[in-house]
Amino acid sequence: MTKKRKRKTPNYQKENPNVERVSLRHKLIAKGINQKEYINSIYKNSITFCGGPAGSGKTHIAVGCAVEALVQGRVDKIVITRPVVPAGEKLGYLPGTADKKLEPYVLPIFDELNYFISPEQIARWRNDSKLEIAPIGLMRGRNFHKCFIIGDECQNLSSEQLKMFLTRMGMESKLVITGDESQSDLPQNMRGAFSDCLNRLTGISGIGIVQLKKEDIVRNSLIPIIIERLKISGDY
């Protein structure tokens, strides 16, 4: 009779036995040197800025690191925000609570969450206030302690919004800010805050700046070609 192998208890559960046991659908794996640098930056630094083209893994890695941090008990909550540029940040016209109003705009992040954990686990975390969707417009005055905060598509934040968002991070927290200035939907005179932050905050201890490239794109192999052609034509 074959003996059943005993499941090894992960180290983080040995250190903190009160941590909830969560089954991951997939583990976070870097698909290249730049993505590996991005993951290392998140682990080492309190704040990580990541720029790069669509499909290069900016959001995927941020979400994967956030899930790992919550599962391992290194943070108590994941906080997600994304600019609501098409609605001009006027969320009042959409029905429901603030997080319900933001839901259509954070679907890309939920796609990534579903890659790592089940929809049931996502629902549990939301019910237990371990996963929060926080509109930028309602973040002023708040401080997030022992949280993993993700600001996605931050090329669509103004200088004032980005500065306010950066100062929301409390103690024992991680902040990951992603963006691609070439995909900004802001009026021309309001653009550039994300790139400006990358330039001004380089070299500060505790802040990581990572730039992903078209070689890091992990979607359909046609995407890098499309991006390159549209760049050349001046339409991107």
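Note that this is a predicted model, so its numbers are computed, not measured.
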*Could you verify whether a donor N or O on one side chain and an acceptor N or O on the other, from Gln183 and Asp180, lie under 3.5 Å apart?*
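Side chains of Gln183 and Asp180: pair found under 3.5 Å.
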*Using a cut-off of 6.0 Å, state whether more than 12 heavy atoms not belonging to Arg140 lie near its atom CZ.*
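At most 12 heavy atoms, drawn from other residues, nucleotides or ligands, come within 6.0 Å of this atom.
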*Near Lys214 NZ, under 6.0 Å, is it more than 12 heavy atoms from other residues, nucleotides or ligands?*
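Counting neighbours around NZ of Lys214, 12 or fewer heavy atoms of other residues, nucleotides or ligands fall under 6.0 Å, so no.
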_Please determine whether side chain to side chain contact (heavy atoms under 4.5 Å, CB included) holds for the pair Gln211 and Asn34, giving the CA-CA distance in whole Å, both sets of side-chain angles, and the decisive distance to 0.1 Å._
CA-CA 8 Å; Gln211 194 69 45; Asn34 294 327; over 6 Å; no
*asked:* The criterion is side-chain hydrogen bond (donor to acceptor under 3.5 Å, both in side chains); which residues satisfy it with Glu153, sequence neighbours excluded?
replied: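 So Glu153 forms a side-chain hydrogen bond (donor to acceptor under 3.5 Å, both in side chains) with Arg82, Gln155.
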*asked:* Can you list everything that forms a side-chain hydrogen bond (donor to acceptor under 3.5 Å, both in side chains) with Lys213? Sequence neighbours excluded, please.
replied: none
*If a pair satisfies ring pair (Phe, Tyr, Trp, His ring centres under 6.0 Å) and one of its residues is in residues 128-169, list it, with sequence neighbours excluded.*
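Every pair satisfying ring pair (Phe, Tyr, Trp, His ring centres under 6.0 Å) with a residue in residues 128-169: there are none.
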Say whether, by atom type as modelled, one donor and one acceptor occur between the side chain of [X] and the main chain of [Y] under 3.5 angstrom.
X: Glu181; Y: Gly52; answer: no
X: Ser195; Y: Gly192; answer: no
X: Gln161; Y: Leu157; answer: no

Of all the heavy-atom pairs spanning [X] and [Y], show the shortest one and how long it is.
X: Tyr38; Y: Gly57; value: CE2-O, 3.8 Å
X: Ser41; Y: Val210; value: CB-CG2, 3.8 Å
X: Lys146; Y: Ser173; value: N-OG, 3.0 Å
X: Ile78; Y: Ala66; value: CD1-O, 3.6 Å
X: Cys154; Y: Pro83; value: CA-CG, 4.5 Å
X: Ala134; Y: Val79; value: CB-CG1, 4.0 Å

*Could you give me the CA-CA distance, side-chain angles and deciding distance for Ile39 and Leu28, then say whether side chain to side chain contact (heavy atoms under 4.5 Å, CB included) is met?*
CA-CA 9 Å; Ile39 293 169; Leu28 178 62; 4.0 Å; yes
*Test: Glu132 and Lys77 ion pair at under 4.0 Å*: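 Here Glu132 pairs with Lys77 in a salt bridge, since their nearest N and O are under 4.0 Å apart.
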Taking the side chain as every heavy atom from C-beta outward, state whether [X] and [Y] have any atom pair closer than 4.5 Å.
X: Ile207; Y: Ser46; result: no
X: Ile177; Y: Phe194; result: yes
X: Pro119; Y: Asn114; result: yes
X: Thr81; Y: Ile133; result: no
X: Leu113; Y: Val67; result: yes
X: Met169; Y: Ile149; result: yes
X: Cys65; Y: Ile61; result: yes
X: Leu166; Y: Cys197; result: yes

Can you tell me how far [atom2] of [Y] sits from [atom1] of [X], rounded to the nearest 0.5 angstrom?
X: Ile136; Y: Asn156; atom1: CD1; atom2: CG; answer: 11.0 Å
X: Asn45; Y: Ile209; atom1: CG; atom2: CD1; answer: 9.0 Å
X: Ser56; Y: Leu212; atom1: OG; atom2: CG; answer: 4.5 Å
X: Glu37; Y: Asp216; atom1: CD; atom2: CG; answer: 9.5 Å
X: Leu24; Y: Gln121; atom1: CG; atom2: CD; answer: 9.0 Å

*asked:* Is there a side chain to side chain contact (heavy atoms under 4.5 Å, CB included) between Phe49 and Val176? Walk through the geometry before answering.
replied: CA-CA 6 Å; Phe49 285 87; Val176 179; over 6 Å; no
_I'd like to know whether Arg124 forms a side chain to side chain contact (heavy atoms under 4.5 Å, CB included) with Leu131, so could you lay out the CA-CA distance, the side-chain angles of the two residues, the decisive distance to 0.1 Å, and finally the verdict._
CA-CA 9 Å; Arg124 276 197 293 275; Leu131 175 61; over 6 Å; no
*Listed once per pair and sorted, the salt bridge (charged side-chain N to carboxylate O under 4.0 Å, His left out) pairs that draw on residues 197-206, sequence neighbours left out*: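 Salt bridge (charged side-chain N to carboxylate O under 4.0 Å, His left out) check on residues 197-206 returns Asp196-Arg200.
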*For residues 155-179, pull every pair meeting salt bridge (charged side-chain N to carboxylate O under 4.0 Å, His left out), keeping only residues two or more places apart or in separate chains.*
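Listed by first then second residue: nothing to list.
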_Quick test of your reading: applying side-chain hydrogen bond (donor to acceptor under 3.5 Å, both in side chains), list the pairs with at least one residue in residues 58-69, sequence neighbours left out, ordered by first then second residue._
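Listed by first then second residue: Tyr43-Glu68, Thr59-Asp152, His60-Glu112.
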*asked:* Measuring centre to centre across the rings, with the benzene-like ring taken for any Trp, is His26 within less than 6.0 Å of Tyr115?
replied: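 Aromatic pair counts; centres sit under 6.0 Å.
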